[in-house]
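Input: a single structure, listed below in structure tokens.
Residue numbers run from 1 in the order of the sequence given.
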Amino acid sequence: MGWYLLLFAFLLLFAYAYRNTFQLKQNRVSVVIKEAESVPAPVSQALRILHLSDLHMERLSISAERILADWQREPLDLIAITGDFLDRARSIPKALAFVETLQALQPKLGTYAVFGNHDYLLPPEQLARLKNGLEQLGCRVLQNEAVSLDWNGRKLHLIGVDDYASRRSNLAQSFAAVDGDGIRLVLTHDPNLVLTMNAYPFDYLLAGHFHGGQIHWPKPFHLRQMGQLPRMNKIKGLHRHDGRPFYISEGLGQTGINVRLRSRPEVTLHTLAVRQAPVGQAAQATAAAKWEAAPALAVD
């Protein structure tokens, strides 16, 4: 009888974990960037970025049509996809169809993506096929490169740093065309990259890779091998490094098996604004206190 109860409990837990893969979490994160030297004045209108990561088409429970229905009434400036579209070449058509549906959201400044470690499991010719297909749909793939965009008359540097986990990131190359003016938004897959960026300041960084642990029970001990950030218990949500904010998405799809425990698929709208830096020591102290006291999903 004991074994039957154990089996029943396991099947119940598995069913719950499988169901979680359909329970889409739609986050809204408001971030006010501390005034950087490169930004001489506040911007009156916020930048709205829809962030998706870790699609893993082979084990994806969330349809592009659902995301389109949820966000089609939202004005968007950017769609950012931070890697791990798929594991196998046979999933390329499915990945392209997914992105094609997302393009109906018509972000003003376009759709941009970087590759993750799973994408690099593809043979080079198949990876080129994926990249060419994405770019034909209007999704620009950034591999250690940057593009400069006009955001309400202000320069926005969109910097795509290639995957850190598979040792393809090149910060010097990625920032080579980035001048001293404007806002620096970094897209990358593995957020451990932020620990190496002291010489490459950024205003905001978007990443994924950890799936929020995917099986986060009782704790995601299995992530310790994935770098220093998991050992610092930074595997999802909004964090800072050297005073600069970065966000780790829990991703949309799964790897290994289609289950999630204490983790759910995520799509996040980041509302990014720049505020004039306070003048004077007292004002700076007040701003620092507000920054430290801010809630997890709203930095001010």
What pairs with Glu65 under salt bridge (Lys or Arg N to Asp or Glu O under 4.0 Å), at least two apart in sequence or on another chain?
none
Could you report the tightest heavy-atom contact between Gln23 and Pro265, atom names first, then the distance?
O-CD, 3.6 Å
Is the closest side-chain donor-acceptor distance between Lys131 and Gln143 under 3.5 Å?
yes
Taking the side chain as every heavy atom from C-beta outward, state whether Thr271 and Val31 have any atom pair closer than 4.5 Å.
no
Sequence-distant partners of Lys108, salt bridge (Lys or Arg N to Asp or Glu O under 4.0 Å), two or more places apart
none
Would a 4.5 Å heavy-atom cut-off, applied to side chains only, mark Tyr112 and Val141 as touching?
no
List the steps, then state whether side chain to side chain contact (heavy atoms under 4.5 Å, CB included) holds for Asp150 with Leu156.
CA-CA 6 Å; Asp150 183 277; Leu156 170 66; over 6 Å; no
When the aromatic ring centroids of Phe202 and His157 are compared, is their separation below 6.0 Å?
no
So NZ of Lys236 and CG of Asn27: to nearest 0.5 Å the spacing works out to 9.5 Å
Spell out, yes or no, whether Leu252 and Leu68 are grouped together once hydrophobic residues are joined by side-chain heavy atoms under 4.5 Å, including indirect joins.
yes
On the 0 to 90° scale, with breaks at 30° and 60°, tag the His189-His209 ring pair as parallel, tilted or perpendicular.
perpendicular
Evaluate Asn198 against Asp242 for side chain to side chain contact (heavy atoms under 4.5 Å, CB included), listing each step before the verdict.
CA-CA 8 Å; Asn198 292 345; Asp242 285 345; 2.6 Å; yes
Tell me whether Glu266 is salt-bridged to Arg260, with the criterion being a basic N under 4.0 Å from an acidic carboxylate O.
no
Go through it in stages, so that I can follow the logic: the residues are Val161 and Leu142, the test is side chain to side chain contact (heavy atoms under 4.5 Å, CB included), and I'd like the CA-CA distance, side-chain angles, deciding distance and then a yes or no.
CA-CA 7 Å; Val161 184; Leu142 300 173; over 6 Å; no
Would the distance check show the side chain of Arg184 and the main-chain N or O of Pro201 forming a donor-acceptor pair, the cut-off being under 3.5 Å?
yes
Test: Arg244 cationic atom under 6.0 Å from Tyr204 six-membered ring centre, within 45° of axis
no
Considering all heavy atoms of both residues, which atom of Gly251 and which atom of Asp54 are nearest to each other, and what is their separation?
CA-CB, 4.0 Å
Gap separating the CD atom of Glu58 from the NE2 atom of His56, nearest 0.5 angstrom
8.5 Å
Minimum-distance pair of heavy atoms, taken over all atoms of Ser61 and Gln254
OG-NE2, 4.1 Å
Rounded to the nearest 0.5 Å, what's the gap from CG on Leu102 to CG on Leu52? Could you check?
6.0 Å
Check the surroundings of atom CD in Gln106: do more than 12 heavy atoms from other residues, nucleotides or ligands lie under 6.0 Å from it?
no
Checking Asp119 side chain against Phe115 main chain: does a donor-acceptor pair fall under 3.5 Å?
no
Check the hydrophobic clustering (I, L, V, M, F, W, Y; side-chain heavy atoms under 4.5 Å; chains of links allowed) and say if Val147 and Leu272 are grouped together.
yes
If you measure from OG1 on Thr111 to CG on Leu105, what distance do you get to the nearest 0.5 Å?
8.0 Å
Would you indicate whether Phe22, at its atom CZ, is surrounded by more than 12 heavy atoms from other residues, nucleotides or ligands within a distance under 6.0 Å?
yes
Flag side-chain contact, heavy atom, 4.5 Å: Leu193 against Tyr200
no
Give a yes-or-no answer on whether the side chains of Asp163 and Ser169 include a donor-acceptor pair shorter than 3.5 Å.
no
What is the ring orientation for Tyr247 with His51, classed by angle as parallel under 30°, tilted 30 to 60°, or perpendicular over 60°?
perpendicular
Non-hydrogen atoms of Thr82 and Val114 that approach each other most closely
CA-CG2, 3.7 Å
Please determine which of Asn152, Asp77, Leu76, Leu149 meets the side-chain contact (heavy atoms from CB on, under 4.5 Å) test together with Leu47.
Asp77
Under 6.0 Å from the CZ atom of Arg66, do we count more than 12 heavy atoms belonging to anything else shown?
yes
Before accepting this row, confirm whether a basic side-chain N of the pair Glu250/Arg264 lies closer than 4.0 Å to the acidic partner's carboxylate O.
no
Minimal non-hydrogen separation, Asp190 against Ala207, with atom names:
C-CB, 4.4 Å
Could you report the tightest heavy-atom contact between Asn20 and Leu261, atom names first, then the distance?
ND2-CA, 4.3 Å
Any donor and acceptor pair, going by atom type alone, linking the side chain of Arg48 with main-chain N or O of Pro75 inside 3.5 Å?
yes
Between the CG atom in Leu127 and the CG atom in Leu121, the distance rounded to the nearest 0.5 Å is 10.0 Å
Between Thr21, Leu24, Asp70, which is the residue that forms a side-chain contact (heavy atoms from CB on, under 4.5 Å) with Ile62?
Leu24
Give a yes or no on whether a salt bridge exists between Arg154 and Asp181, defined as a side-chain N under 4.0 angstrom from a carboxylate O.
no
Can you confirm whether Asp162 sits close enough to Tyr120 that some side-chain heavy atom of one is under 4.5 Å from a side-chain heavy atom of the other?
yes
Take atom CG of Asn170 as the centre, draw a 6.0 Å sphere, and report whether it contains more than 12 heavy atoms from other residues, nucleotides or ligands.
yes
Polar side chain donor-acceptor pair, Arg231 to Gln228, under 3.5 angstrom
no
Side chain to side chain contact (heavy atoms under 4.5 Å, CB included) for Thr255 and Arg59? Distances and angles first, verdict last.
CA-CA 7 Å; Thr255 56; Arg59 291 181 175 86; over 6 Å; no
Hey, could you give me the CE/CG distance between Met226 and Asn117, rounded to the nearest 0.5 Å?
6.5 Å
